[in-house]
J.: 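Sharing a structure, written as structure tokens. Questions coming.
So you know, we letter chains A, B, ... as the sequences are listed, proteins then strands, and number each from 1. Note that this is a predicted model, so its numbers are computed, not measured.
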Amino acid sequence: MNSILTHSIVDATWLSRPSPTVAPDLLGCTLVRQMPDGEQIRGLIVETEAYAAGDPACHAYRRRTPRNTVMFGPGGNSYVYLIYGIYHCLNVVTDVDGEPSAVLIRALQLENIPSWIAAESPSHSIPKGSNQKQPSPPQIVLNLPIAPSKPLKQILRLAAGPGKLCQVMKIDRNLSGLPFQPDQPLWLEHRSSEVQAAIDQQALEFVQTTRIGLTQGVEIPWRWYIANCPAVSRF
DNA sequence: ATGAAGATCGCG
DNA sequence: GCGATCTTCATC
């Protein structure tokens with residue numbers, strides 16, 4: 001159905017702008033995870049946060065270290081770190097070489113359900129050949145291409161949070177420092193014309209707030225999310 | 001060497 | 001609200 005649609009790829013130049021500019025621009029773009037076995041997991045970016053030099057919450061605030069060194073490089077690479085010994089978080093490195101900054105991807109609305117989730121919880125799987133009735137769609141434009149047997153609410157929250165989205169997309173530190181491009185495990189695609197139209201018509205609106213989970217830089221309003229989107233981590 | 005804190009999450 | 005769980009980094 002959409003096989004003829006072209007998905008334009010987000011390139012490093014586009015990402016080489018200040019993170020507070022890139023963060024809202026990434027809303028409505030798609031993150032693609034290419035698995036080694038060929039499976040693709042796709043998710044619409046619905047929540048982001050910016051981190052930058054001079055920002056006390058930024059991992060690169062104090063000095064260059066082995067962990068944060070990729071943030072000091074040019075825009076367009078991934079920065080993945082482990083938090084609380086349990087979860088991983090995915091960032092898109094932004095701005096020009098020498099300006100340490102990144103955008104944290106905080107939530108996705110999945111466009112498809114990873115097969116490994118269906119395998120682990122059979123209630124997510126769709127019986128072959130079945131033509132289930134679609135639950136009523138969420139308040140925003142996006143429609144899932146499958147008919148989930150679980151409550152749609154649960155499906156929509158599978159990637160509602162930076163740790164959860166890395167779990168769902170099988171992202172860990174092995175994927176840190178890689179360029180976002182189609183020959184890699186991760187890349188980004190620009191907004192589809194449908195999503196862009198919804199934004200232009202204000203059917204999709206953005207909310208800007210302070211960032212989540214910080215003890216420093218709490219007052220800096222560098223979090224953005226799509227209003228009324230059920231896949232956002234917190235409203 | 002050592003320890004404190006951390007861009008989280010799910011449960012109660 | 002709390003604990004899980006372990007890396008990172010600053011300081012000793």
J.: Considering only heavy atoms, which members of residues 58-76 of chain A lie under 4.0 Å from some atom of DNA chain B?
T.: A:H59, A:M71
J.: Can you pull the contact range of chain A along DNA chain B, 5' to 3', using atoms under 4.0 angstrom from its heavy atoms?
T.: B:dG6 to B:dG10
J.: Whenever both distances are under 3.5 Å in a Watson-Crick or G-U wobble pair, mark it; put DNA chain C into dot-bracket that way, with [ ] for crossing pairs and | when the partner is on another strand.
T.: ||||.||||||.
J.: Within the 4.0 Å heavy-atom criterion, would you say A:L82 contacts the bases, only the backbone, or no part of the nucleic acid?
T.: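 Contact class for A:L82: sugar-phosphate only.
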J.: Test question: given the 4.5 Å side-chain rule for I, L, V, M, F, W and Y, name all other residues clustered with A:I9, or answer none.
T.: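 A:I9 clusters with A:V32, A:W187.
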J.: Could I get the full list of salt bridge (charged side-chain N to carboxylate O under 4.0 Å, His left out) partners for A:R223, not counting sequence neighbours?
T.: A:E47
J.: So which pairs with a foot in residues 19-40 of chain A pass ring pair (Phe, Tyr, Trp, His ring centres under 6.0 Å), sequence neighbours left out?
T.: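 As it turns out, there is no ring pair (Phe, Tyr, Trp, His ring centres under 6.0 Å) pair with a partner in residues 19-40 of chain A once direct neighbours are skipped.
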J.: Side chain to side chain contact (heavy atoms under 4.5 Å, CB included) with A:D37: which residues, sequence neighbours excluded?
T.: A:M35, A:E39
J.: So which atom in A:I83 and which in A:C89 form the shortest heavy-atom distance, rounded to 0.1 Å?
T.: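 Heavy-atom minimum between the residues: CG2-SG, 3.9 Å.
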J.: Between A:I86 and A:R173, which is nearer to the 5' end of DNA chain C once each is assigned its nearest nucleotide?
T.: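 Going by which nucleotide is closer to the 5' end, it is A:I86.
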J.: For residues 168-183 of chain A, pull every pair meeting side chain to side chain donor-acceptor pair (under 3.5 Å), keeping only residues two or more places apart or in separate chains.
T.: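 Found A:D172-A:N174, A:Q181-A:D183.
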J.: Can you list everything that forms a side chain to side chain contact (heavy atoms under 4.5 Å, CB included) with A:F206? Sequence neighbours excluded, please.
T.: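 Here the qualifying residues are A:L27, A:R191, A:I199, A:I226.
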J.: Under the side-chain hydrogen bond (donor to acceptor under 3.5 Å, both in side chains) rule, what do A:T30 and A:E111 come out as? Steps first, then yes or no, please.
T.: CA-CA 9 Å; A:T30 296; A:E111 297 178 9; 3.0 Å; yes
J.: For a quick test of your reading: what N or O donor-acceptor pairs under 3.5 Å do the side chains of residues 14-26 of chain A make, sequence neighbours left out?
T.:
{"unit_1": "A:S16", "atom_1": "OG", "unit_2": "A:A12", "atom_2": "O", "d": "2.7"}
{"unit_1": "A:R17", "atom_1": "NE", "unit_2": "A:W14", "atom_2": "O", "d": "2.7"}
{"unit_1": "A:R17", "atom_1": "NH1", "unit_2": "A:D25", "atom_2": "OD2", "d": "2.8"}
{"unit_1": "A:R17", "atom_1": "NH2", "unit_2": "A:W14", "atom_2": "O", "d": "3.3"}
{"unit_1": "A:R17", "atom_1": "NH2", "unit_2": "A:D25", "atom_2": "OD2", "d": "3.1"}
{"unit_1": "A:S19", "atom_1": "OG", "unit_2": "A:Y51", "atom_2": "O", "d": "2.9"}

J.: Scan for side chain to side chain donor-acceptor pair (under 3.5 Å) pairs involving residues 72-81 of chain A, sequence neighbours excluded, and state none if there are none.
T.: A:H59-A:Y79
J.: What is the first contacted nucleotide of DNA chain C and what is the last, in 5' to 3' order, if contact means an atom lying under 4.0 angstrom from a heavy atom of chain A?
T.: C:dA4 to C:dA10
J.: Ignoring hydrogens and angles, tell me if any N or O in the side chain of A:R234 forms a donor-acceptor pair with the backbone of A:G161 under 3.5 Å.
T.: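 A pair under 3.5 Å: no.
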J.: Describe the nucleic acid contact of A:G163 in one word from base, sugar-phosphate, nothing, applying a heavy-atom distance below 4.0 Å.
T.: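 Sugar-phosphate contact only.
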J.: Name the nucleic acid region contacted by A:S233, choosing base, sugar-phosphate or nothing; use a 4.0 angstrom heavy-atom cut-off, strictly under.
T.: nothing
